[in-house]
> 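Got a structure here, written out as structure tokens. Questions coming.
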Amino acid sequence: MSAKNIDTLLDLWAATLLEHNDSPPFANHSDLYETIDSTPLGGIPWQSFSLTFTGELPEGEVPEWMCSKYEVWFRDPLMLVKDILANPDYKGQIDYAPVQEFEGSGHRRYWNFMSGDWAWEQADMIAQDPETHGAMFVPIILGSDKTTVSVATGHNEYYPLYASIGNVHNNIRRAHLGALVLVGFLAIPKTDNAHASSAKFRKFRRQLFHSSLSKILESLRPGMTTPEVTNLRLGPYIADYPEQVLLTCIVQGWCPVAARCTAKQTDLDGGGGRRSREHTELLVSGFELGTLWVEYGLVGDVIPFTNDFPRADIHELITPDILHQLIKGTFKDHLVSWVEKYLILEHGQTRAQPILDDIDRRIAAAAPFAGLRRFPQGRGFKQWTGDDSKALMKVYLPAIEGHVPRDAVWAFRAFLEFCYIVRHDVITEETVRDLHDTIMRYHNYRTIFEELGVRPDGFALPRQHSLLHYPSLIRAFGAPNGLCSSITESKHIKALLLTNQRLDKLAAARVDFTNRGMLDGTVLSAKLQTIESYANSIDDGHVDSSTVLTHVELARTVQRRLRPSDLAAEINLPTFPQLIRRFLYDQLYPESHLTSSDVSLSACPTFTGTISLFPSATATFYAPSDPSGVGGMHREHIRATSAWRQGPARYDCVFVNTRPHLNGMRALDVGHVWCFFSFEYHNTTYPCAVVHRYSLIGEECDEDTGMWMVKPEMAYDGSPVVSIIHLDTIFRAAHLLPSFGCARLPRAITCHNSLDGFTAYYVNKFIDHHAFETAS
């Protein structure tokens, strides 16, 4: 919050206290800042050091970069690690030793970081030294990513370094509860164009990075050889591809994934040997720099920072990176651009453009859904973010069907399934086999782009090659969603020195006050709980609550109350009063061998009361692979309103439990919600929904897209088949995408009416990870 806004809030607070002859605890933002800064809790102090070029200076004019001092700011990583370990909020969410989990079948489960083989192997090595017995093994997870921050800072480049520990569970690290901390800011050496590509400057820039890391982390070194309570080890390093190249001292274009692969740059998927610290040192001692660069993809004149720490091998510490390797890399930079290139090659620029426009209209026609980014102009925007790419992945496959060869659709399907499987919160050996199957299918079908001239030189692409390493990296480090660069990227804007320090102090104070019981049962905590409950009622996303399979409830606010006949006219459903009576029969006589459709209307109860109409319902369910609270619970809103956000109507779809004895989509139907309502009968309140039913098409999912298909159920007279269902039968929201076929999409079809104009729809299993697991 800006200083100006803080002053405004304090003024408003002061105005409410005038009548009580009182004043707020802070006069203005400066007073607030001074109070926070004086807090003794938290706030590990910042330190700095400077590095300079120490090589031989050239005769004559000396480049400025050789004379400059490069300042690095950091906080003591050992103190930061101790703070993480001391946080009582992580109770029950931390592993004090490596674990191996097994299913009933005897197969391994990979979940949090300490469930992987790397932690187990490190613990075995540590245990060989009797001096380490009784110490807790603490792997240090690092991450860095040079970024440009424009919010509140102008347009400045920063190079933040982050740290976490492998002991905390993945959900804690993803939830930004203080388990991922800002360690420091690395220096960014710059020079003019004349020297930017010089060998000396490039070497200096690389070595400056590694030397800075070594200096920042030096307080951890004693705990790696002479442990006290903890035994520290450098663990995985979270980084995107350029950062992985820098970390592992390899040449751009070679494989850095876990840096275990010496496959040739021109044939990455052709296989290769295993890189290791010993292997690299042997090569460096035996070959000239040019040979190392060309034949082995090694930058031989830079010393990795891990060489300064015991039992640390950078070649074993590079993590998989879902965001940059899969979402931004293979999907957005490769596959999406290949489709455009294919259409231009196949049809020419002039004829290809209307097809690309049609794809954009199909993307823009995707119905609204909780958390789905809108694409009003299709793909037509300049600045892509990771969230943009994630959103496009959810709706892209049906948009290209009919415009590209079938093998291209199959390639997209295989790759998307890989992306969603790899994001599972818990990965089993069966999951790993599924991953391998999707890789093989993707590699088989992507050759269509080579055959059509889109990729005439093949697929020597490091980010696509990385897919081959995921199975082994999962076994080493656990589920990849706990080590993705999206975790560090989301911290960038908060990575400002003074702001971050004050937030740390406030967080430490809250923990201390809670431990002392100072925040229990106060007026403030009660008010905060009320505010939080209200916030949870309007926001989609993560929620902290007890773990349940699913729970659906109506909105807290009644839109209005009306008679059944009035609602029947409003939703154009004359049979609504009769449907209520049949609904009541089924509710009152659940054990009867006759359903309401088997009896006459006169046998059904009569209802003459009023109805409460609601604009939405809320589904809360266990979805740890999606944005969720610490317990893995996710909340989404299901809308049924004639004016959403003061705009057009929005009527969402839902999964309805109809065949509980079956699994997956075979157990579910889909309903298009017309309205949510409740009514009271004999002192019992019935929360309900009116839905237009959609039935499955076929016994299996669609062969091309891998998605189930549904069609609206229609009566003999062409009217929709509509039912009243109890809210307890709703599983969660469903997202449908039209089956466009080969026809161009009429411009009259938009996201607001696309659920009304087609005879067949795909059940979009790619809308989120929970839907993928449900509808696969």
Side-chain angles (χ1 to χ4, degrees), residues 362 365-370 372 394-395 397-398 401 550 552 571-573 575-576 579 582-583 595 597 616-617 619 636 638-641 649-660 662-676 688-741 749-768 770-772 774-776:
R362 291 179 175 190
F369 193 82
L372 177 62
K394 299 177 180 184
V395 299
L397 189 55
E401 190 179 25
T550 185
V552 182
I571 63 176
N572 193 26
L573 184 63
T575 59
F576 179 75
L579 290 176
R582 295 193 180 278
F583 169 82
T595 68
S597 60
S616 65
E636 67 184 9
I638 310 167
R639 314 284 180 180
T641 176
R650 173 172 166 181
Y651 297 96
D652 291 344
C653 295
V654 293
F655 288 113
V656 183
N657 282 300
T658 53
R659 296 171 291 276
L662 299 177
N663 296 319
M665 275 301 299
R666 292 181 175 85
L668 304 171
D669 281 337
V670 173
H672 191 183
V673 180
W674 284 15
C675 69
F676 289 110
C688 304
V690 176
V691 299
H692 178 193
R693 289 190 173 275
Y694 287 53
S695 57
L696 291 176
I697 299 175
E699 299 294 326
E700 301 289 341
C701 61
D702 177 60
E703 182 181 6
D704 292 344
T705 63
M707 292 186 280
W708 288 85
M709 298 188 71
V710 294
K711 61 181 179 181
E713 290 189 18
M714 309 301 289
Y716 291 115
D717 60 359
S719 62
V721 175
V722 179
S723 302
I724 294 177
I725 61 173
H726 196 287
L727 218 62
D728 287 349
T729 65
I730 295 178
F731 181 52
R732 56 155 299 183
H735 190 241
L736 302 186
L737 291 170
S739 176
F740 297 104
I749 301 294
T750 70
C751 64
H752 305 297
N753 59 19
S754 61
L755 291 177
D756 302 319
F758 293 85
T759 58
Y761 293 86
Y762 293 110
V763 180
N764 187 9
K765 69 177 183 180
F766 299 116
I767 193 64
D768 57 43
H770 183 267
F772 181 80
T774 300
S776 286

> Are any side-chain N or O atoms of Tyr651 and backbone N or O atoms of Arg639, one a donor and one an acceptor, separated by less than 3.5 Å?
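No, because the side chain of Tyr651 does not come within donor-acceptor range (under 3.5 Å) of the backbone of Arg639.
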> How far apart are the closest heavy atoms of Phe369 and Ala733, and which atoms are they?
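Between these two residues, the closest heavy atoms are CE1-CB, 3.6 Å.
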> Can you tell me how far CZ of Phe655 sits from CE of Met665, rounded to the nearest 0.5 angstrom?
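Rounded to the nearest 0.5 Å, the CE-CZ separation comes out at 5.5 Å.
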> Side chains of Phe758 and Leu736: does their closest heavy-atom pair fall under 4.5 Å?
no
> Below 4.5 Å, heavy atoms only, C-beta onward: do Ile730 and Phe676 meet side chain to side chain?
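Contact flag for Ile730/Phe676 side chains = yes.
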> Which of these, His672, Glu713, Met714, sits in a side-chain contact (heavy atoms from CB on, under 4.5 Å) with Pro720?
Met714
> Looking only at non-hydrogen atoms, find the nearest pair between Thr759 and Pro712 and report the distance.
O-CD, 3.5 Å
> Does Thr774 reach the main-chain N or O of His770 with its side chain, forming a donor-acceptor pair under 3.5 Å?
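Yes, because the side chain of Thr774 sits within donor-acceptor range (under 3.5 Å) of the backbone of His770.
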> Rounded to the nearest 0.5 Å, what separates atom CG in Leu662 from atom CG in Asn657?
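If we round to the nearest 0.5 Å, Leu662:CG and Asn657:CG are 11.0 Å apart.
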> Step by step, work out the side chain to side chain contact (heavy atoms under 4.5 Å, CB included) result for Ile767 and Leu372.
CA-CA 8 Å; Ile767 193 64; Leu372 177 62; 4.1 Å; yes
> Are Tyr762 and Glu401 close enough that some pair of their side-chain heavy atoms sits under 4.5 Å apart?
yes
> Using only atom types and a distance under 3.5 Å, with no angle test, would you say the side chain of Arg362 pairs donor to acceptor with the backbone of Pro738?
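It does not hold such a pair.
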> With the side chain counted from C-beta on, respond yes when Phe576 and Val690 share a heavy-atom pair under 4.5 Å apart, and no when they do not.
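With C-beta onward as the side chain, the pair touches.
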> CH2/Trp674 to CD1/Ile724 distance, rounded to the nearest 0.5 angstrom?
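Spacing of CH2 (Trp674) from CD1 (Ile724) equals 11.5 Å.
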> Run the side chain to side chain donor-acceptor pair (under 3.5 Å) check on His752 and Arg650 step by step: do they pass?
CA-CA 7 Å; His752 305 297; Arg650 173 172 166 181; over 6 Å; no
> Side chains of Arg693 and Ser723: donor-acceptor distance under 3.5 Å anywhere?
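Short answer, yes.
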> Quick check: does any side chain N or O of Asp702 sit under 3.5 Å from a backbone N or O of Trp708, one acting as donor and the other as acceptor?
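No, Asp702 side chain to Trp708 backbone: no donor-acceptor pair under 3.5 Å.
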> When you compare the side chain of Ser739 with that of Met709, does any pair of heavy atoms fall below 4.5 Å?
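The answer is yes; the side chains approach within 4.5 Å.
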> Counting distance only, does the side-chain N/O of Asp768 pair as donor-acceptor with the main-chain N or O of Ala771 below 3.5 Å?
yes
> Is a side-chain N or O of His735 found less than 3.5 angstrom from the main chain of Ala367, in a donor-acceptor match?
yes
> Hey, is the main chain of Thr550 close enough, under 3.5 Å, to the side chain of Arg732 for a donor-acceptor pair?
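Side chain of Arg732 to backbone of Thr550, a donor-acceptor pair under 3.5 Å: no, none is there.
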> Between Val670 and Val691, is any pair of side-chain heavy atoms under 4.5 Å apart?
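No, side chains not in contact.
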> Using the side chain to side chain contact (heavy atoms under 4.5 Å, CB included) rule, take Tyr694 and Lys711 through it: C-alpha gap first, then chi angles, then the decisive distance, then the call.
CA-CA 5 Å; Tyr694 287 53; Lys711 61 181 179 181; over 6 Å; no
> Dump the intermediate steps for side chain to side chain contact (heavy atoms under 4.5 Å, CB included) on Asp652 and Val673, then the final yes or no.
CA-CA 6 Å; Asp652 291 344; Val673 180; 5.6 Å; no
> Would you say Val656 and Val654 make side-chain contact, with heavy atoms under 4.5 Å?
yes
> What is the minimum heavy-atom distance between Ala366 and Ser754, and which atoms define it?
C-OG, 4.5 Å
> Test Thr705 against every option in Leu397, Leu737, Asn764 by the side-chain contact (heavy atoms from CB on, under 4.5 Å) rule and name the one that passes.
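Among the candidates, only Leu397 passes.
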> Determine which pairs satisfy salt bridge (Lys or Arg N to Asp or Glu O under 4.0 Å) with at least one residue from residues 714-723, sequence neighbours left out, and list them in order.
none
> Looking at every heavy atom in both Met707 and Pro398, which two are closest together, and how far apart are they?
CE-CG, 3.6 Å
> If you take all heavy atoms of Ala640 and Cys675, which pair is closest and at what distance?
CB-CA, 4.0 Å
> Between the side chain of Ser776 and the main-chain N/O of Phe772, is any donor-acceptor distance below 3.5 Å?
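Yes, because the side chain of Ser776 sits within donor-acceptor range (under 3.5 Å) of the backbone of Phe772.
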> Hey, could you give me the CD1/OG distance between Ile638 and Ser616, rounded to the nearest 0.5 Å?
8.5 Å
> State, yes or no, whether a side-chain contact exists between Phe583 and His726 at a heavy-atom distance under 4.5 Å.
yes
